Amino acid sequence: MNALPWRTWHGPLVSCAVAMAVLMSVSAVGLVVDGRTVMGEGVWLKPFKFAASFCLYALTLAWMISQVERWRRTLWWLGTVTVALFVLPEISAITFQAVRGVRSHFNFATTLDKSVFMVMGGAAYLGWGLTLALGIFLVLQRRVDRAMAWAIPLGVAISLAGMSVGYLMTAPTPEQAHALAGGAELITIGAHTVGAPDGGAGMPLLGWATGGGDLRVAHFVGLHALQVLPLIALWVRRVPLVIVAAFGYAGLTGLLVWQAQRGQALVHPDGTTLLAAGGLLAAVTVATAVLRRFSVRSGTRGQSGFAEPARRLREPAGQR
């Protein structure tokens with residue numbers, strides 16, 4: 001799979017990525033000059049983080065769409081709709097609430113706040129469905145690069161699982177559910193922190209909770225499998241190693257969800273979490289070592305995963 005000039009990439013997605021980069025710059029300035037905070041964080045931190053994530057997301061999809069040969073028009077329109085109905089509504093709502101100096105997620109304080117959160121929720125559902133549709137059409141492409149042919153669907157699948165973690169945050173906490181059952185009207189429904197209130201002590205820049213579990217960690221890690229696995233495929237160029245990397249990455253995402261659901265901060269793992277992490281690392285390491293040993297014995301070490309099949313297709317039948 002040869003990289004194409006960036007000018008052939010999906011225009012609306014590239015423009016979206018540029019806009020997100022601009023928003024990142026504006027948000028960075030805002031973090032310096034605007035002293036307002038929401039839930040213990042600078043009001044511009046959330047727009048900065050989401051703009052960075054959407055920038056990567058848009059660039060990745062733009063590159064993937066540029067590589068296809070089939071259903072180009074369908075994928076072009078899906079990419080455009082993704083920008084219009086997912087990225088722009090989501091980031092606009094987050095930025096709007098930052099300008100107002102109020103919380104964007106889980107905010108039911110006023111009718112306006114509730115409407116903004118509903119827009120974000122609808123955009124997130126559409127984003128999940130559109131990413132799935134894009135993934136399906138990308139998977140059904142003809143590829144000589146077998147490693148990438150595996151990396152893209154596995155990356156999309158794990159990314160969708162990571163996006164789904166966001167839905168866990170929208171469910172009422174036990175305390176909120178109890179209050180709602182009693183007929184109370186709450187200004188906040190849902191949370192990203194487990195075992196502690198949102199807005200407590202957090203990690204620098206990322207803001208992930210250090211006093212309880214934080215579902216945003218698994219959400220972030222899983223979501224960016226869309227970028228990580230294709231990069232791994234470009235590096236290792238071997239299907240079995242890509243599959244091992246995907247299972248390891250999926251296992252890490254699941255481990256982070258499990259850790260957060262137990263009310264445990266990323267930076268304060270207990271013995272059980274460390275044992276599970278060690279087991280996952282050992283399994284990936286052993287599988288990788290076995291595959292590399294097999295590759296050396298079979299004399300295939302260093303083959304690209306797509307150059308060899310392509311070369312063989314070009315050779316006359318008598319030389320194969």
Side-chain angles (χ1 to χ4, degrees), residues 13-59 83-124 127 162-163 165-166 169-170 173 176 186-194 196-221 223-224 227 260 265-267:
L13 281 167
V14 171
S15 298
C16 176
V18 172
M20 294 303 103
V22 171
L23 180 56
M24 285 173 61
S25 301
V26 172
S27 299
V29 173
L31 285 169
V32 175
V33 303
D34 191 342
R36 294 178 299 163
T37 61
V38 175
M39 305 298 292
E41 297 179 347
V43 293
W44 291 101
L45 181 59
K46 185 163 287 186
F48 179 86
K49 292 192 295 185
F50 272 78
S53 183
F54 279 136
C55 183
L56 285 174
Y57 175 81
L59 283 177
V83 172
L85 298 185
F86 171 38
V87 179
L88 292 184
E90 183 91 2
I91 197 65
S92 297
I94 291 170
T95 306
F96 175 69
Q97 295 294 67
V99 171
R100 294 179 62 221
V102 300
R103 191 177 189 184
S104 54
H105 289 73
F106 322 126
N107 190 348
F108 289 77
T110 67
T111 302
L112 176 59
D113 293 323
K114 182 178 179 179
S115 299
V116 171
F117 185 52
M118 291 299 103
V119 168
M120 293 171 57
M163 293 174 71
V165 176
M169 307 179 202
T170 62
T173 65
Q176 292 169 352
L186 303 180
I187 63 173
T188 301
I189 301 177
H192 53 71
T193 308
V194 180
D198 284 353
M203 297 171 60
L205 184 60
L206 295 170
W208 295 337
T210 56
D214 198 324
L215 291 165
R216 293 177 298 180
V217 183
H219 181 60
F220 173 85
V221 171
L223 184 64
H224 291 292
Q227 291 85 37
L266 174 68
V267 294

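Keep in mind it's a predicted model, so treat the numbers as computed, not measured.
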Discussion item. Please find the pair of heavy atoms, one from Ala123 and one from Pro89, that lie closest to each other, and give the distance.
Written reply: CB-CB, 4.0 Å
Fill in: Euclidean distance, Ile91 CD1 relative to Leu23 CG, rounded to 0.5 Å
5.0 Å
Fill in: Shortest non-hydrogen contact between Val194 and Ala260, atoms and distance
CB-O, 3.2 Å
Practice prompt. For side-chain contact (heavy atoms from CB on, under 4.5 Å), just list the numbers for His192 and Phe106, CA-CA rounded to whole Å, side-chain angles, deciding distance to a tenth of an Å, and then say yes or no.
Written response: CA-CA 9 Å; His192 53 71; Phe106 322 126; 4.1 Å; yes
Response to the item:
To the nearest 0.5 Å, atom OH of Tyr57 lies from atom NE2 of His224 at 11.5 Å
Discussion item. Measuring from atom CG of Leu215 to atom CZ of Phe220, what distance do you get when rounded to the nearest 0.5 angstrom?
Written reply: 15.5 Å
Item to complete: Supply the atom-to-atom distance His219 NE2 to Ser53 OG, rounded to the nearest 0.5 angstrom.
Response: 7.0 Å
Discussion item. If you define the side chain from C-beta out and look only at heavy atoms, does anything of Gln97 sit under 4.5 Å from Asp113?
Written reply: yes
Discussion item. On a heavy-atom basis, which atom in Thr37 and which in Gly40 lie closest, and how many Å separate them?
Written reply: CB-C, 4.4 Å
Worksheet entry | Leu13 CG to Leu59 CG distance, which is reported to the nearest 0.5 Å | 8.5 Å
Fill in: Euclidean distance, Asp198 CG relative to Arg216 CZ, rounded to 0.5 Å
7.0 Å
Worksheet item: Can you list the steps and then say if Val38 with Val102 is a side-chain contact (heavy atoms from CB on, under 4.5 Å)?
Response: CA-CA 6 Å; Val38 175; Val102 300; 5.7 Å; no
Donor-acceptor contacts, no H, no angles, side chain residues 43-51, under 3.5 Å, sequence neighbours left out:
{"unit_1": "Trp44", "atom_1": "NE1", "unit_2": "Asp34", "atom_2": "OD2", "d": "3.1"}
{"unit_1": "Lys46", "atom_1": "NZ", "unit_2": "His105", "atom_2": "ND1", "d": "3.3"}
{"unit_1": "Lys49", "atom_1": "NZ", "unit_2": "Leu206", "atom_2": "O", "d": "2.6"}

Worksheet item: Which atom pair, heavy atoms only, marks the closest approach of Met120 to Ala93?
Response: CG-CB, 3.3 Å
Discussion item. Under the criterion side-chain contact (heavy atoms from CB on, under 4.5 Å), I'd like the reasoning laid out for Met118 against Phe108: C-alpha separation, chi angles, the key distance, then a yes or no.
Written reply: CA-CA 10 Å; Met118 291 299 103; Phe108 289 77; 3.9 Å; yes
Worksheet item: Which heavy atom in Gly207 sits nearest to a heavy atom in Asp214, and how many Å separate them?
Response: O-OD2, 4.3 Å
Practice prompt. With the side chain counted from C-beta on, respond yes when Trp208 and Val267 share a heavy-atom pair under 4.5 Å apart, and no when they do not.
Written response: no
